[in-house]
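FYI, the numbering just counts along the sequence from 1. Side chains included, hydrogens not; waters and symmetry mates left out as well; all remaining heavy atoms used.
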Amino acid sequence: QVQLVESGGGSVQAGGSLRLSCAAFGYIFSKGCVGWFRQAPGKEREGVASTNNDGTTRYADSVKGRFTISQDNVKNILYLEMNILKPEDTAMYYCAARDHNSPYSGVPPFYAMDYWGKGTLVTISS
């Protein structure tokens, strides 16, 4: 059984930084596409960043240049480094994984992912 566990969320002021982590159990991050998604109150879940097992990364336009996705294949942990945070980045952030690489040109849609964590809350104050 696959379990994804996020951590690292919190409350910071605009302009600050956070690093999210996602530990996987029953899934190897080098297996397929893995990524981060977020959902703000009243909004649809959106893709933030993703990476295939060939190292190809994709970012939502709203976070390009500010967020970086990476993974430690030895520890089997996925990271999301978030810098220059804005109030509009406030959301629940979810780690997700897929059994195969993503065929999408951008961050895959949420329905393309096979496994999900429970999320970690990020709150950015102005």
Side-chain angles (χ1 to χ4, degrees):
Q1 186 174 355
V2 175
Q3 188 177 10
L4 304 176
V5 181
E6 303 96 335
S7 61
S11 299
V12 298
Q13 289 192 324
S17 300
L18 282 172
R19 187 175 79 159
L20 306 183
S21 300
C22 175
F25 305 91
Y27 181 91
I28 304 298
F29 278 132
S30 57
K31 179 178 182 181
C33 177
V34 292
W36 291 94
F37 294 72
R38 66 185 181 187
Q39 188 166 18
K43 294 190 176 181
E44 192 170 280
R45 190 168 298 191
E46 63 172 351
V48 175
S50 65
T51 180
N52 279 341
N53 62 14
D54 61 1
T56 305
T57 57
R58 297 285 185 265
Y59 294 93
D61 288 343
S62 59
V63 306
K64 280 181 183 176
R66 300 190 298 122
F67 290 13
T68 303
I69 188 171
S70 63
Q71 60 191 76
D72 184 327
N73 289 335
V74 174
K75 296 181 180 179
N76 205 35
I77 297 177
L78 183 70
Y79 299 103
L80 184 68
E81 186 76 35
M82 306 187 295
N83 298 311
I84 318 175
L85 284 161
K86 305 175 181 180
E88 51 263 43
D89 294 319
T90 294
M92 185 71 81
Y93 282 71
Y94 298 90
C95 171
R98 179 184 158 93
D99 283 330
H100 306 285
N101 276 335
S102 168
Y104 298 90
S105 58
V107 179
F110 69 87
Y111 51 79
M113 308 307 285
D114 298 315
Y115 310 106
W116 291 88
K118 294 183 178 181
T120 185
L121 183 62
V122 172
T123 304
I124 311 302
S125 57
S126 57

Which donor-acceptor pairs under 3.5 Å do the side chains of residues 13-20 make with protein atoms, sequence neighbours left out?
unit_1, atom_1, unit_2, atom_2, d
Ser17, OG, Asn83, OD1, 2.8

Worked verdict on Met82 versus Tyr93 for side-chain contact (heavy atoms from CB on, under 4.5 Å): CA-CA 12 Å; Met82 306 187 295; Tyr93 282 71; 3.9 Å; yes
Min side-chain heavy-atom separation Val34-Gln71 under 4.5 Å: yes
Least distance between heavy atoms, Gly26 atom then Val2 atom: O-CG2, 3.4 Å
Selection residues 75-126 - residue pairs positive for disulfide (SG to SG under 2.5 Å), sequence neighbours left out: Cys22-Cys95
Reported NZ-to-CG distance for the pair Lys31 and Asn53, which is rounded to 0.5 angstrom: 11.0 Å
Qualifying residues under ring-ring contact (aromatic ring centres under 6.0 Å, His included), relative to Tyr115, sequence neighbours excluded: Tyr27
Partner set under salt bridge (charged side-chain N to carboxylate O under 4.0 Å, His left out) for Asp72, not counting sequence neighbours: none
Close side-chain approach of Glu81 and Phe67, heavy atoms under 4.5 Å: no
Trp116 ring center near Phe110 ring center (under 6.0 Å): no
Where Gly47 and Phe37 come nearest, the two heavy atoms and their spacing: CA-CD2, 3.4 Å
Results of side chain to side chain donor-acceptor pair (under 3.5 Å) for Lys64 - residues two or more places apart only: Asp61
With Ser62 via side chain to side chain donor-acceptor pair (under 3.5 Å) - residues at least two apart: Arg38
Salt bridge (charged side-chain N to carboxylate O under 4.0 Å, His left out) partners for Arg98, two or more places apart: none
Residues forming a side-chain contact (heavy atoms from CB on, under 4.5 Å) with Ile69, sequence neighbours excluded: Trp36, Ala49, Thr51, Thr57, Tyr59, Leu78, Leu80
Lys75: partners by salt bridge (charged side-chain N to carboxylate O under 4.0 Å, His left out), with sequence neighbours left out: none
Linked, directly or transitively: Met92 and Met113 (ILVMFWY side chains, under 4.5 Å): yes
Considering all heavy atoms, the nearest Gln39-Lys43 contact: NE2-O, 3.0 Å
Test side-chain contact (heavy atoms from CB on, under 4.5 Å) applied to Arg58 - qualifying residues, sequence neighbours left out: Ser50, Thr56, Val107
Expected list for residues 118-126: side-chain donor-acceptor pairs under 3.5 angstrom, two or more places apart:
unit_1, atom_1, unit_2, atom_2, d
Thr120, OG1, Gly9, N, 3.1

Glu88: partners by side-chain contact (heavy atoms from CB on, under 4.5 Å), with sequence neighbours left out: Lys86
Closest non-hydrogen atom pair, Cys33 against Asn52: CB-OD1, 3.2 Å
